[in-house]
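Quick notes on the structure that follows.
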Amino acid sequence: DCGCSCGHGEHHEHDCGCSCGHGEHHEHDCGCGCGHDHGNDEEAKKELMRLLPALALFALGLLLPVPASVKTALLLACYAVSGVDVLRSAWRSLLGGRMLDENFLMAVASLAAIAIGEMTEGCAVMLFYQVGECFQSFAVGRSRRQIRALLAIRPEEAYVLRGGEYVCVDPADVKVGEEIRIRPGERVPLDALVLSGRSEMDTSALTGESMPRIAEAGETILAGFVAKNGMMTARVEKPLQESSVSRILAMVEEAQERKAPAERFITVFARVYTPIVVGLAVLLAVIPPLLLGGWRVWMYRALTFLVASCPCALVISVPLCYFAGIGAAARRGILIKGGDSLDALCRVKSFVLDKTGTLTTGAFEVLHVHPAAGYTQEEVLSLIAGAERDSNHPLAAAVVRAAGARGVQPADVMLDAEIAGRGVRAEAQDGSIVLAGNAAMMLENGIEIDEAICGMDSARIYAAKDGTAVGFVCLSDVIKPGAKEAIARLSEMGVENTVMLTGDREAPAKAVASQLGVDEVHAQLLPQDKLAKLEEICGLGGAAFVGDGINDAPALMRADVGIAMGALGSDAAIEAADVVLMTDEMDRLPQALGVAQRVRALARQNVAIALGIKIAVLLLAAFGVAGMWSAVFADVGVALICVLNAMRAMR
């Protein structure tokens, strides 16, 4: 199903969302009211092919030593070639009751200039307006190609085992549980579990990471990965519409439609601004001649005022800043869900970070095993590994790994309950109750523990059997490479406060925070405590929460900006977060903030450039100082400057 609740099948083309009735192949209008599709490469090429003869005719009309009648004919031909689309669109606007769009303004100004004898300037208005449109089309097209390059990771075919042989089918037709084959150089078509074979996988299309990763039997591979040097067979785990690549692409496509406050402001501003300047132009053409005479002079000034007033520079370049920024971030494996998320990221004063899996690798290692009197190290390790083997907690996984590495068989116990923020309760075959968890769990059950051994800055799992302590294991977590540098970089970029929230004990949490340079630490928090503390921090100003995207969904949704790290393949992260970092590398965090700050700065620069120059030329035109050539620069020239400035967001 297409997912839009319309009841159509997957081949249904989604509407573009502008209520025009076209399908998804309809290109959205740029929003400036000009009727052009600034992002269509074919349209840009057509504009260029039309402009070349128009420029030639204009040059001949100006430079050839021919009679005035021939010059007029050449300039009129130039006007017709360059202005046919604008005049057609202006006529449609007039019939549709939309008189104050850019086409109508250009048509009125250029035709009126010709009517009062300013043939050269009338042609120049139309010709250079079209030159600006052509450059804008190429610029926006380039930005769109960045997004489309990401969309190219969508798989087109899959080789599935049917009837004893592998046949090529559409990935959408492959069912969960079927076996597929991936040959060297092929793109993985669906999320799948490797059954046999081994290959280096190029994950750069999804993660932005150039270093390949090894995939072998038992590991999950995702749609969009490319097998570099080995053949594999795999079992499909998700249908195409639920695969990671489909969800990522849907998010990127939707991001283009989510406007930032600055974009919404510009749209509203243009709707109010255009009627005002048209009204002022009419007053300038009518009132002074009635009082002072010289209608031709004032008509020329009004036309100059009209040409200079066109708001195209604003309504094109500001959204383009956000569009280009989202594309540039996507190339680096940073998926931003829209312009509003970019703006919100710039307003963040505090970065709130989870510890395990975010600031640290989450790959704990068992340092020591401390048995209580009457027990051996092997018995303690066996009991905890048996109780924790069905838990997905990183500490539990580390104990199970350590038991396997030491040849210790996990005890045969049955998991009874997993207590959030505490540990697990299990039942042994002899009916005894086994507890494995943190110090709080032991104290709540009246079990005495020794906190002095092993140092307070290490994580621990205690074990007890029928209310008696059995012993405990000490574990250490490894700080992620680059985490300290990333925290320092955030501070340099203007982040006022970095906060670490963790369910770990205070001593190890403070030890990690001290090494990283984190400003504030809150430890021994249950999931509900984390959310409450985040609420408190959000109340003091904008706050971003950075989590591993698996168990932090409530906090990701509550924060002003939710940032999921290392969330490749995590549906919870993609749904809950505003920004998804496809790898767990900490340097992506300041990169994401840098993109947001750069986009906002470029958008503000464009607003200042466009309004500053336009207001100056409008005032000069009203007093007769600026002529039509100045107006052309205020319209086309400023639009080009702003578009080129916006394209810097792509770098």
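Keep in mind the model is a prediction, meaning the values are calculated, not measured.
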Indicate every side-chain donor-acceptor pair of residues 611-621 with a distance under 3.5 Å to a residue at least two apart or in another chain.
unit_1 : atom_1 : unit_2 : atom_2 : d
Lys614 : NZ     : Ala308 : O      : 2.9
Lys614 : NZ     : Cys310 : O      : 2.5
Lys614 : NZ     : Ala634 : O      : 3.1

Residues 283-296 side chain polar contacts: donor-acceptor under 3.5 Å, at least two apart:
unit_1 : atom_1 : unit_2 : atom_2 : d
Arg296 : NE     : Ile116 : O      : 3.1
Arg296 : NH2    : Ile116 : O      : 2.8
Arg296 : NH2    : Glu118 : OE2    : 3.1

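Residues satisfying the salt bridge (charged side-chain N to carboxylate O under 4.0 Å, His left out) criterion with Glu496, sequence neighbours excluded, are absent altogether. Residues passing the salt bridge (charged side-chain N to carboxylate O under 4.0 Å, His left out) test with Arg648, sequence neighbours excluded: none. Partners of Ser491 by side chain to side chain contact (heavy atoms under 4.5 Å, CB included), not counting sequence neighbours: none found. Under the rule for a salt bridge (charged side-chain N to carboxylate O under 4.0 Å, His left out), the partners of Glu535 that lie at least two apart in sequence or sit in another chain are Arg558. A search for side-chain hydrogen bond (donor to acceptor under 3.5 Å, both in side chains) contacts involving Arg88 returns Asp85, not counting sequence neighbours. Here Thr498 pairs with Asp519 under the side-chain hydrogen bond (donor to acceptor under 3.5 Å, both in side chains) rule; sequence neighbours left out. The side-chain hydrogen bond (donor to acceptor under 3.5 Å, both in side chains) test applied to Arg489 returns Glu492, not counting sequence neighbours. Annotation: side chain to side chain contact (heavy atoms under 4.5 Å, CB included) contacts of Leu57 (sequence neighbours excluded): Leu74, Ala77, Cys78, Val81. With sequence neighbours excluded, the residues forming a side chain to side chain contact (heavy atoms under 4.5 Å, CB included) with Ala329 are Ile334, Ile336, Val595, listed by chain and number.
For the atom pair Leu593 CG and Ile563 CD1, the distance stands at 8.0 Å (nearest 0.5 Å).
The number of heavy-atom neighbours closer than 6.0 Å to CE of Met299, taken from other residues, nucleotides and ligands shown, is 12 or below.
Among pairs with a residue in residues 66-79, none fulfils salt bridge (Lys or Arg N to Asp or Glu O under 4.0 Å), at least two apart in sequence or across chains.
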